[in-house]
Amino acid sequence: MQKAGLLLGAGTQAWKSVRTASSRVTRRDPLANKVALVTASTEGIGFAIARRLAQDGAHVVISSRKQQNVDRAVAELQGEGLSVTGTTCHVGNAEDRKRLVATAVNLHGGIDILVSNAAVNPVFGNLLDITEDVWDKVLNINVKATAMITKEVVPEMEKRGGGAVVIVSSIAGFLPSSLWKDKATEEKMKENLQIRRLGKPEDCAGIVSFLCSEDASYITGETVVVGGGTPSRL
């Protein structure tokens, strides 16, 4: 992973909303019988989140743009004894979003959790050099598609008495950073972190599961930063 930190919360940024309390479950399986959708979840952060939600008792529907990636991820997680299914979904496509939601409803009767992890970052460089086409792509996938899939799932959550939405984005929203390949730059980046290591996908998974659980039932509209101590305030 070539990032100094992860902003979740939506910090990677994870923002959680649309929540109401429901029946108490055991701490051993804090998400028992919950139904979760995770976009862009066949590798990296999304895959780690999907695994953790399933380990904590949820029925998880994963998604990716490519069928072979979905098949591989589902096989791996089902091989671990987890309740995971999947379907292709390009979140920028309205029909794909509807199919993803319908898959969860048809398989499990409803939706309790949405983790919106899909995003693009097609250009690294000077902000003033970014073309209009690139801006359209970023806003379409990172902003509009997230809003539209949330709009799709909220009615299903309301039928079940509430739910949780977690949106994952980059800590670069607080602190612009660049990619690197050389070890010297990586070591310098680590020195700037209060936790002297780079983040791993699994570092995001536990906090997402917590935000989707009853233990977080009085948290809403918050940004939680998973960044190893990276400066993360505007």
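- The one candidate from T103, V61, V60, N33 that meets the side-chain contact (heavy atoms from CB on, under 4.5 Å) condition with H108 is V61.
- If you check the side chains of T39 and N117, you find no donor sitting under 3.5 Å from an acceptor.
- Evaluation of the side-chain contact (heavy atoms from CB on, under 4.5 Å) rule for N69 yields T42, S64, K66, R72 as partners, not counting sequence neighbours.
- Between the side chain of N93 and the backbone N or O of E95 there is at least one donor-acceptor pair closer than 3.5 Å.
- No donor-acceptor pair closer than 3.5 Å links the side chain of R65 to the backbone N or O of H90.
- A donor-acceptor contact shorter than 3.5 Å links the side chain of Q78 to the backbone of V84.
- Of the possible polar contacts, none joining the D112 side chain to the R160 backbone as a donor-acceptor pair under 3.5 Å is found.
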Query - Full working for salt bridge (Lys or Arg N to Asp or Glu O under 4.0 Å) between E202 and R52 - result: CA-CA 8 Å; E202 291 74 18; R52 178 58 181 267; over 6 Å; no
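- When each of L53, V168, L114, V208 is paired with V38, the side-chain contact (heavy atoms from CB on, under 4.5 Å) condition holds for L53 and for no other.
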Query raised in the report: Under the side chain to side chain contact (heavy atoms under 4.5 Å, CB included) criterion, do I62 and F47 qualify, and how do the steps go?
Result: CA-CA 8 Å; I62 65 172; F47 183 77; 5.6 Å; no
Requested in this report: Apply the test side chain to side chain contact (heavy atoms under 4.5 Å, CB included) to residues V35 and I113: give CA-CA distance (whole Å), side-chain angles for both, the deciding distance (0.1 Å), then the verdict.
Outcome: CA-CA 6 Å; V35 180; I113 295 164; over 6 Å; no
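- Between the N140 side chain and the D136 main chain, no donor and acceptor come within less than 3.5 Å of each other.
- Under the 3.5 Å distance criterion, with hydrogens and angles disregarded, a donor-acceptor pair is assigned to the side chains of T88 and R99.
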